[in-house]
Amino acid sequence: MTSTTTARARRAGIAAFVGTTIEWYDFYVYATAAALVFGPLFFPSGDPLAQTAAAFATFAVAFLVRPLGGIIFGHIGDKLGRRVSLVITLLLMGVSTVLVGCLPTYAAIGFMAPVLLILLRALQGLAVGGEWGGAVLMSVEHAPAGKKTFYGGFTQLGNPAGALLASGIFAIMSRFGDDFIMNGGWRIPFLLSIVLVGVGFWVRYRVEESPVFEQKVEGRKQTMPLAFALRVNWKPILLGIGLLPISTGGYYLATTFATAYATGEPISMSPQLILDAMTIASFIEFVVTLPVAWLGDKWGRKNIMYIGLVTSVLTFVPFMLVLPGKIEPVIFLLASLVRIAMSATYAPIAAILAQMFRPQARYTSIALSYGVGAAIWAGFSPWFATMLIAWTGSIWSVIAMFVGMALLAGLCTWLAPQHSDEAPVTDSFTPRTDTTAARTV
């Protein structure tokens, strides 16, 4: 690998990290607020469980529109380039998040408050639907063979970094008391997004276009990216959806749902305690993500995924079971262990999904896989887990759901094809071969 190639790969990785950190910060700020304050502020009810379920329903809205965001920005990314699409998604996410921080509550404007909240959450979902796939492709497509999992890990690093920032600022605010957060303090993390977006725009705008797009997609005869994706890539798209239950849904069970479960009845844990635990866990996940991605290139990205799925189950179960006891050192330890385990299901996902598709319509295909998968697994997992607790009265129902999700992810990982960006341009549909259409004169 030449020094120029290394420099481009490094710049693309850093830009992917900065951009996804900001996007996930915005996303997790909403998730944390949904668990802690949005229920009583935007969905007033005499039943705390109903408030939480309603808040999580708005949380799910963003996941429902993510496939649409993937189609819109995937089309832009496959036709005009990954870089153009990513600049737009960053600005859309930032504006939506800042406007959430400006919203009046139900007490001020009545039913229009939750309506506007849902609308802005949907815009967040559109942005994330196009963001993740493009950031993955910029980092993975700039990377040389043998280092794609590592550079793809820069994109994944943005998730714990964003979660760290989001849970960290709420943890700081919790020290001023619940009244401070409920009486306007919750707006501060949303309004701060405008600063982060400015930084991210500057970093992202300076990165070169993906070499795979320049060499194997740009200027070549293409059908509509969505039509090509659904006609040619439908099998790997379905497998990609099946890869994601723990990487997306399991993650929200161990964070957003766990926060609401711990602070709600009958556990009634101090919000400060669980937020501190989540903040430390996010930092530890941030530290281990790139080393785990590096191991993916050494041991095989699928092997790392298998290890992550098994250890996620082995750590999630005791984490859920110890929360009612409120034993602080154990809660802190298990919250961190769960995130370490899940980093092994999340760090290699960027490279696995990117290499499941041919360069043509790759942005649309990966965005559809991730968008639909996130809508199914992440969008509804906290809500469905809350309902399972209400129906069964037992955390074991949530644990059983988690185990089933891990088994499905393992099967789809085993079946997932992996293509090569270094293969010559051909018209073959053979797996592991670049099948971009030949240039037409």
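Positions are given from 1, in the same order as the sequence printed here.
- Taking a 6.0 Å sphere around CZ of F190, one finds it holds more than 12 heavy atoms contributed by other residues, nucleotides or ligands.
- Partners of Q156 according to the side chain to side chain donor-acceptor pair (under 3.5 Å) rule, which considers only residues two or more places apart in sequence or in another chain, are W132.
- The aromatic rings of Y151 and F154 sit parallel to each other, their planes meeting at less than 30°, with 60° as the upper class boundary.
- Distance check: M356 CE to I349 CD1 gives 9.0 Å after rounding to the nearest 0.5 Å.
- For Y306, the OH atom sits in a packed shell: over 12 heavy atoms of surrounding residues, nucleotides or ligands are nearer than 6.0 Å.
- A donor-acceptor distance shorter than 3.5 angstrom exists from the side chain of S174 to the backbone of A171, with no hydrogens or angles considered.
- Using a 4.0 Å cut-off between charged nitrogen and carboxylate oxygen, R82 and E141 count as a salt-bridge pair.
- Distance alone, capped at 3.5 Å, is enough to place a donor-acceptor pair between the K326 side chain and the I267 backbone.
- Formation of a donor-acceptor pair under 3.5 Å by the H142 side chain with backbone atoms of M138 is found in this model.
- For K148 (side chain) and A143 (main-chain N/O), a donor-acceptor pair under 3.5 Å exists by modelled atom type.
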Criterion side-chain contact (heavy atoms from CB on, under 4.5 Å) on W24 and E131, from CA distance to verdict: CA-CA 10 Å; W24 286 120; E131 159 69 24; over 6 Å; no
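- S365 is linked by a side chain to side chain donor-acceptor pair (under 3.5 Å) to N233, counting only residues two or more places apart in sequence or in another chain.
- Nearest approach of M320 to F257, heavy atoms of both residues: SD-CE2, 4.1 Å.
- Residues that satisfy the side chain to side chain contact (heavy atoms under 4.5 Å, CB included) test with S193, not counting sequence neighbours, are Y25, D26, T97, V98, V197.
- F402 pairs in a ring-ring contact (aromatic ring centres under 6.0 Å, His included) with only one of the listed residues (F319, Y251, F316), which is F316.
- Put simply, CE on M305 and SG on C412 are 9.5 Å apart, with the number rounded to the nearest 0.5 Å.
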